[in-house]
Structure formats: C-alpha cells, structure tokens
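Both backbone and side-chain heavy atoms feed into the values below; hydrogens, waters and symmetry mates do not.
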Amino acid sequence: MSEEEKEILSNKITEGIREAQRRLFERMAKLGEKVVVGDDEGNPQLVDAKEVLARFNKH
C-alpha cells in the first residue's frame with residue numbers, strides 16, 4: 001500500500017469515527033442525557049449532550 005493510499009484510508013477512518021460520534025451525541029441530546037468529558041486538568045465532568053454536540057459541530 002502506497003503512502004497516498006494509507007493517507008486516504010486514514011482520512012476515511014477518521015471521518016467515519018467523527019460521523020459516529022456526531023450521531024451518538026445527537027441521540028444522547030435528544031434523550032436529554034449527559035456526556036462525560038475531561039476538563040482542562042483531565043478531571044471528568046458531566047456535560048449536557050446538547051452542549052457537547054454544539055461544541056462538536058463548531059469544529
């Protein structure tokens with residue numbers, strides 16, 4: 001497999017993971033659930049899935 005093919009495959013995998021995350025956050029937001037995320041110091045925090053989805057969609 002050439003370097004170009006590896007890069008294309010890596011990009012497809014990354015995009016697939018991002019799409020799966022987006023769908024998960026959308027489903028959790030619809031159900032009013034919370035998501036565990038790490039703060040700036042790495043400590044776990046519970047955040048509304050709607051907020052996480054909004055942050056995710058910005059990037």
Exercise. Who pairs with E3 by salt bridge (Lys or Arg N to Asp or Glu O under 4.0 Å), at least two apart in sequence or on another chain?
Worked result: K6

Exercise. Taking only residues two or more places apart in sequence, or in another chain, which ones meet E33 in a side chain to side chain donor-acceptor pair (under 3.5 Å)?
Worked result: none

For this session: May I ask you to test the Q45-V36 pair for a side-chain heavy-atom distance under 4.5 Å?
Result: no

Problem set entry | Side-chain heavy-atom pair S2, E5 within 4.5 angstrom cut-off | yes

Seminar exercise, completed: Residues joined to L31 in its hydrophobic cluster, side chain to side chain under 4.5 Å directly or through other members, sorted by chain and number, are none

Seminar exercise, completed: Residues pairing under ring-ring contact (aromatic ring centres under 6.0 Å, His included) where one sits in residues 32-51, two or more places apart or in two chains, turn out to be none

Seminar exercise, completed: When rounded to the nearest 0.5 Å, the distance separating CG of L9 from OG1 of T14 is 9.0 Å

For this session: Just grab all the salt bridge (charged side-chain N to carboxylate O under 4.0 Å, His left out) pairs involving residues 10-25, residues at least two apart or on different chains.
Result: E19-R22, E19-R23, R22-E26

Which pairs would a plain distance check flag for residues 48-55, meaning a side-chain donor or acceptor within less than 3.5 Å of a matching protein atom at least two apart in sequence or in another chain?
| from | atom 1 | to | atom 2 | distance (Å) |
| --- | --- | --- | --- | --- |
| D48 | OD1 | K34 | NZ | 2.7 |
| E51 | OE2 | R55 | NH2 | 2.5 |

